[in-house]
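See structure below.
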Protein chains: 2
Amino acid sequence: MRNRENLIPVYYRLAEDIKKIIESGVLKDGDLIPTEAQLCEQYAISRMTVRQGLALLAEAGLIETVRGKGSFVTRPRLNQLVIDLNHNATSKEQIRYTLLGVNLIRNNGEFAEKLGFTGEANVITIKRLMFKGNLPVAIEEKFLRYQKGKPLLETQLEYADFPEVVAKHQESVPVRNDMRIFVAALSAEQANLLAAEGSQPALGIKQLIYSEDDKLLGVATMICHKDRFELKATSYPLSGRL
Amino acid sequence: MRNRENLIPVYYRLAEDIKKIIESGVLKDGDLIPTEAQLCEQYAISRMTVRQGLALLAEAGLIETVRGKGSFVTRPRLNQLVIDLNHNATSKEQIRYTLLGVNLIRNNGEFAEKLGFTGEANVITIKRLMFKGNLPVAIEEKFLRYQKGKPLLETQLEYADFPEVVAKHQESVPVRNDMRIFVAALSAEQANLLAAEGSQPALGIKQLIYSEDDKLLGVATMICHKDRFELKATSYPLSGRL
DNA sequence: GAGTGGTCTAGACCACATA
DNA sequence: ATGTGGTCTAGACCACTCC
């Protein structure tokens, strides 16, 4: 049953066929698609191959399969949106950074505690300014536990994204990133750095990086010029493979 | 080879085992995990079962498989964060809405054009106020093409999320939701509705809903009180099944 | 040529839902 | 009791990578 003239796998064709039927509106939210046995017959393929196709559709959020009942059409989860920080940072215009400072805050339990680092007194801070072209657009501040014998390389400071920096400097493996997005006021110093009026607000982004055992590994904050930066999110990436 | 005493499938156990090895740091970013043949032997299971387990890990972003080479450990994509609008709206405190108005803007091409609705002159607008407890937190405005014979039910206006409202009122199936997040200024009217000072900024969220053929189906904007609303996103949901 | 993952088969038994 | 999806087998051939 393997395709010859066309190189795409059978299970992929099946998934695309059903996807088109759903997106054309013939099958609506809640409808049952043909059973696996029926699809085996229709396409003259074995059941595992059918299931591979349905798995694609389920992953894309187009169907939901229920044991003993069948596979139901579901509206794609458009209320789940993905923010891709890499893409947000590298769109269109040239991005560059200037390093404002790297510090090791030693034996300051209060400082560490305030950030959320429990049982740790030594914290590395990294501060840099992000530019689009020649305009300053955001102030980044990063905080991570100081780990002896794991030096931070300058290239990591300049270019790497934050989870990568954390991964490189920690023994623990970062597995979760929680983000808050909010409106922030600019301090005089921040306004100066961003070449903005002191009275204007900014977009604030705070990231918390955790390990599997929920230990806080790193904190990152971005204060973004309100007219030069905006976050984009989209529902699309999830079904990108179909 | 099916498990007896414990009910969880073999492929799932395999995936969990490898996940633990990765998260413990024994296998690092870029390392090869055992080949499928080796895993077949180790677990004394068939290859399709091994592949089902590896598929779980790949979906969670913990490994990447390359044909002819093997499966490599990858750091989880912590730079891809998911905003769950349903969850953001239904966390902790009681959320309720008051409907401020529903209008049908007829034969106003300029109005439709400005929103991005091409070739359409009739637009439905829905405006409502969101409360947490007794505090107004956000003003929602929604715009969608008017479709004859597809009435909007009041229950839909009050409770449903926007993509659902669009799906119910349109022939076309909504398949993509693009979102922008930004800092907005409050108009006098908006400040009044939110019981806020007129000079203060707000968090703005704009959603654009598209069909498969990239036709704009709906637009939603939220203007959120800066101290009473914040967006949360997390990297975790993707690997939630493991 | 040897080793790897990608696709596919033709069965089997099981758990669950429905009537 | 029947029909559904969930798990699993023991093979097979293919495409690709690397030596």
Side-chain angles (χ1 to χ4, degrees), chain A residues 1-19 21-22 27 30-74 240-242, chain B residues 1-19 21-22 27 30-74 240-242:
Chain A
M1 257 336 102
R2 194 74 166 74
N3 59 87
R4 302 282 168 206
E5 57 284 1
N6 39 27
L7 299 142
I8 64 176
V10 181
Y11 71 86
Y12 193 90
R13 291 188 77 81
L14 179 146
E16 274 192 326
D17 286 353
I18 297 178
K19 186 192 180 202
I21 294 172
I22 293 174
L27 288 176
D31 289 351
L32 276 168
I33 67 170
T35 67
E36 295 180 357
Q38 286 169 347
L39 291 170
C40 288
E41 256 194 81
Q42 283 179 33
Y43 285 80
I45 56 180
S46 90
R47 183 153 165 243
M48 286 304 281
T49 306
V50 168
R51 285 180 60 74
Q52 203 168 348
L54 297 187
L56 274 186
L57 292 167
E59 199 183 333
L62 291 170
I63 65 169
E64 252 172 37
T65 67
V66 181
R67 190 204 292 251
K69 288 184 162 181
S71 292
F72 297 87
V73 175
T74 57
R241 265 154 297 186
L242 257 183
Chain B
M1 255 337 102
R2 195 73 168 72
N3 60 86
R4 303 281 169 209
E5 58 283 2
N6 38 27
L7 300 143
I8 64 175
V10 181
Y11 72 87
Y12 193 91
R13 290 186 78 81
L14 180 144
E16 275 192 325
D17 287 353
I18 297 179
K19 185 190 179 203
I21 294 172
I22 293 174
L27 288 176
D31 288 352
L32 276 168
I33 68 171
T35 67
E36 295 180 357
Q38 287 168 347
L39 291 171
C40 288
E41 258 195 78
Q42 284 179 31
Y43 285 80
I45 56 181
S46 90
R47 181 148 167 249
M48 286 303 282
T49 306
V50 169
R51 285 179 61 74
Q52 202 169 347
L54 298 188
L56 274 186
L57 293 167
E59 200 183 333
L62 290 170
I63 64 170
E64 253 171 37
T65 68
V66 182
R67 188 205 292 254
K69 289 182 162 180
S71 292
F72 298 87
V73 175
T74 57
R241 266 153 297 187
L242 258 183

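The sequence lines fix the lettering, A, B, ..., with proteins before strands; numbering per chain opens at 1. Just so we're clear, the structure is a prediction, and the values are computed from it rather than from any experiment.
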Looking at [X], does any N or O in its side chain come under 4.0 Å of the phosphate oxygens OP1/OP2 on [N]?
X       : N      : result
A/Arg51 : D/dG6  : yes
A/Tyr11 : C/dT7  : yes
B/Thr49 : D/dT7  : no
B/Gln52 : D/dT7  : yes
B/Ser46 : D/dG11 : no

Fill in: side chain to side chain contact (heavy atoms under 4.5 Å, CB included) partners of B/Ile21, counting only residues at least two apart
B/Val26, B/Leu27

Item to complete: Using the test side chain to side chain contact (heavy atoms under 4.5 Å, CB included), find all partners of A/Glu16 that sit at least two apart in sequence or belong to another chain.
Response: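 By the side chain to side chain contact (heavy atoms under 4.5 Å, CB included) rule, A/Glu16 matches A/Ile8, A/Tyr12, A/Leu242.
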
Atom-pair distance ([atom1] on [X]; [atom2] on [N]), nearest Å:
X       : N      : atom1 : atom2 : answer
B/Tyr43 : D/dC8  : OH    : C1'   : 16 Å
A/Phe72 : D/dG5  : CZ    : C1'   : 11 Å
B/Ile8  : D/dG6  : CD1   : P     : 17 Å
B/Arg47 : C/dT9  : CZ    : P     : 15 Å
A/Met48 : D/dC8  : CE    : P     : 10 Å
B/Tyr12 : C/dC14 : OH    : C1'   : 20 Å

Item to complete: List in numerical order all residues of residues 33-42 of chain A for which some heavy atom is under 4.0 Å away from an atom belonging to DNA chain C.
Response: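 Contacting residues: none.
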
Worksheet item: Is there a side-chain contact between B/Tyr43 and B/Val50 (heavy atoms, below 4.5 Å)?
Response: no

Discussion item. Could you check whether any side-chain heavy atom of B/Leu54 comes within less than 4.5 Å of a side-chain heavy atom of B/Ile18, counting everything from C-beta outward?
Written reply: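 Yes. Closest side-chain heavy atoms under 4.5 Å.
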
Worksheet item: Among all residues two or more places apart in sequence or in another chain, which pass the side-chain hydrogen bond (donor to acceptor under 3.5 Å, both in side chains) test with A/Glu36?
Response: A/Arg47, A/Arg51

Fill in: Partners meeting side-chain hydrogen bond (donor to acceptor under 3.5 Å, both in side chains) with B/Asp31 (sequence neighbours left out)
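Partners of B/Asp31 under the side-chain hydrogen bond (donor to acceptor under 3.5 Å, both in side chains) test: none.
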
Practice prompt. Determine yes or no for a side-chain-to-main-chain donor-acceptor pair under 3.5 angstrom, with B/Gln38 supplying the side chain and B/Thr35 the backbone.
Written response: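 Here the side-chain-to-backbone pair exists.
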
Practice prompt. Please name the pair of heavy atoms, one in B/Cys40 and one in B/Ser46, separated by the smallest distance, quoted to 0.1 Å.
Written response: SG-C, 3.9 Å

All N/O donor-acceptor pairs, side-chain side in residues 60-68 of chain A, below 3.5 Å, sequence neighbours left out:
none

Table of protein N/O atoms under 3.5 Å from nucleotides 17-19 of chain C N/O atoms:
from	atom 1	to	atom 2	distance (Å)
C/dT18	OP1	A/Lys69	NZ	3.3

Item to complete: Select one nucleotide: of D/dC8, D/dG5, C/dG6, the one nearest the side-chain heavy atoms of B/Val10.
Response: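 Per side-chain heavy atoms of B/Val10, the pick is D/dC8.
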
